[in-house]
Number of protein chains: 2
Amino acid sequence: MTEESSTKELIREAAVDLFAAKGFKGASVRDIARRVGIKESSLYNHYKGKAAILESILEYQLEGINRAMLSREEMDAFAAGESDPVKLWLRGVAFYSSRLPRLTGKINRIIHNEMYLDEKCRRFFVDHILERQIDLTVILLGDLVDRGMIRECPLVQTAERYVFMLHGLAQISTIYEIDLKRDGDIQNRIVEHMASFIEGLT
Amino acid sequence: MTEESSTKELIREAAVDLFAAKGFKGASVRDIARRVGIKESSLYNHYKGKAAILESILEYQLEGINRAMLSREEMDAFAAGESDPVKLWLRGVAFYSSRLPRLTGKINRIIHNEMYLDEKCRRFFVDHILERQIDLTVILLGDLVDRGMIRECPLVQTAERYVFMLHGLAQISTIYEIDLKRDGDIQNRIVEHMASFIEGLT
DNA sequence: GTCTATAATCTGATAGAC
DNA sequence: GTCTATCAGATTATAGAC
């Protein structure tokens with residue numbers, strides 16, 4: 001249940017690496033098979049074709065996100081002992097992030113990469129990343145308002161602005177990850193941006 | 001000077017369309033040549049290869065951005081007759097946008113698309129889009145503060161948040177452009193977000 | 001500057017033996 | 001489920017006639 005490590009699993013993992021690094025078009029079935037240590041023809045015993053591997057990756061990602069999602073009870077329990085909205089927010093984000101599978105970041109990069117070219121990736125991005133994050137943020141901000149921890153504000157617009165900000169930060173984070181240079185303290189900057197965003201709502 | 005329409009120009013224009021629609025890898029030299037109405041081999045009389053076409057597109061984009069840029073004098077003249085920071089901001093954005101070449105949006109999409117795969121596109125995005133927009137926004141916000149039109153705030157952090165927000169909005173704008181469905185009033189939403197962002201700084 | 005012809009390579013995918 | 005062998009087509013790019 002934790003980590004199968006079957007050939008099918010290994011293929012998917014290799015494909016995640018290669019799709020993220022070279023793009024869906026740029027990574028060939030040969031590349032993927034070579035990395036797994038099998039021949040191309042063997043790969044077709046596990047997946048119908050190249051497109052099917054990408055679909056499998058998307059399904060895997062959806063499961064991972066769904067499993068990491070905090071339940072209503074968990075969220076309430078989380079909020080119980082904390083009176084500082086900024087600390088509460090940051091702790092919540094850190095906890096959620098820690099529950100995401102290892103490959104989540106790389107797969108998000110693939111989705112982001114193919115979003116404009118592949119309809120399934122585009123759908124996934126809109127439905128399971130963008131809108132879901134906005135919906136969740138609306139709920140969380142609403143809770144903070146109800147608890148009197150931040151002032152009233154237009155929830156949807158504020159949530160959109162927050163999610164877009166995070167999205168931009170994630171993007172440059174990925175870019176600095178690729179080039180390594182001038183990475184500086186990008187992770188700290190993300191946290192600072194999140195903190196000052198919530199701070200600005202108090 | 002205005003629009004050459006030479007074969008070289010036509011090739012670049014066709015390439016912009018195809019790279020934006022199918023990606024750099026997905027659009028073949030054959031595709032580009034066919035759209036122009038010449039044979040592939042003829043294309044190599046104008047560009048050294050496929051990569052050279054993309055480079056030419058980036059150079060074209062850089063020129064367009066540089067030409068559209070408002071000078072210090074233009075910015076001051078713009079600010080002279082307006083006392084409402086929101087109106088001033090929106091008018092400035094609209095004016096700058098109106099000076100951008102026709103292909104700018106499509107080329108930005110290409111850059112965004114290849115950003116993670118191609119180093120030149122990644123460099124262009126960081127240097128000429130992201131950092132430039134942030135630098136400009138810092139200046140503009142600083143001006144507004146100096147004029148007493150908005151309150152003091154951490155300029156860089158605020159500018160980053162603004163640029164990232166716009167970036168996210170541009171992204172979903174592109175997505176809705178592709179799928180057409182549920183486009184709604186995305187352009188209005190962008191303007192609303194810009195307005196409420198500046199409004200929140202007063 | 002355009003064309004025809006062609007090279008050399010890579011692509012995703014299949015057939016069939018073991 | 002793995003392998004060898006192979007296919008049919010697309011890819012970028014070049015050579016050389018006009």
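Lettering of chains follows the sequences in order, A, B, ..., and the numbering in each one begins at 1. Not measured: the values here are computed from a predicted model.
Between B:K50 and the phosphate of D:dT12, there is a side-chain N or O to OP1/OP2 separation shorter than 4.0 Å. Within the 4.0 Å cut-off from OP1 or OP2 of C:dG1, not a single side-chain nitrogen or oxygen of B:S42 is found.
Atom CG of B:N108 and atom NZ of B:K106 lie 13.0 Å apart (nearest 0.5 Å).
In this structure, CZ of B:R34 is placed 13 Å from C1' of D:dT11, rounded to the nearest angstrom. One can place CD of B:E40 at 14 Å from C1' of C:dA8, the figure rounded to the nearest angstrom. Following rounding to the nearest Å, B:K8 (NZ) and C:dG1 (C1') show an atom-to-atom distance of 14 Å. For the pair A:K39 NZ and C:dG16 C1', the computed distance is 17 Å after rounding to whole Å. Here D:dT12 presents its C1' atom at 13 Å from CG of B:D31, a figure rounded to the nearest Å. Rounded to an integer number of Å, the gap from A:L43 CG to C:dT11 P is 14 Å. If you take OH of A:Y44 and P of C:dT11, they are 11 Å apart, rounded to a whole angstrom. In this structure, the NZ atom of B:K22 is 13 Å from the C1' atom of D:dT11, given to the nearest Å.
Each of D:dC3, D:dA13, C:dT11 was ranked by its minimum atom distance to the side chain of A:R30; first place goes to C:dT11. Counting only heavy atoms from C-beta on, A:S41 has its side chain closest to D:dA5 among D:dA5, C:dG12, D:dA15.
Across all strands, A:A51 comes closer than 4.0 Å to no nucleic acid atom at all (heavy-atom distances). Among the heavy atoms of the strands lying under 4.0 Å from B:S28 are primed sugar atoms or P, OP1, OP2 only; no base atom is included.
A perpendicular orientation is assigned to the rings of B:Y116 and A:H112, their planes being inclined by more than 60° (bins at 30° and 60°).
Of the two residues contacting DNA chain D, namely B:F24 and A:H46, the nearest-nucleotide position lying further toward the 5' end is that of A:H46.
A heavy-atom distance below 4.5 Å is not found between the side chains of A:V16 and A:R102.
Annotation: A:F78 is in aromatic contact with A:F95 [ring centroid separation under 6.0 Å]. Less than 6.0 angstrom separates the ring centroid of A:Y162 from the ring centroid of A:W89.
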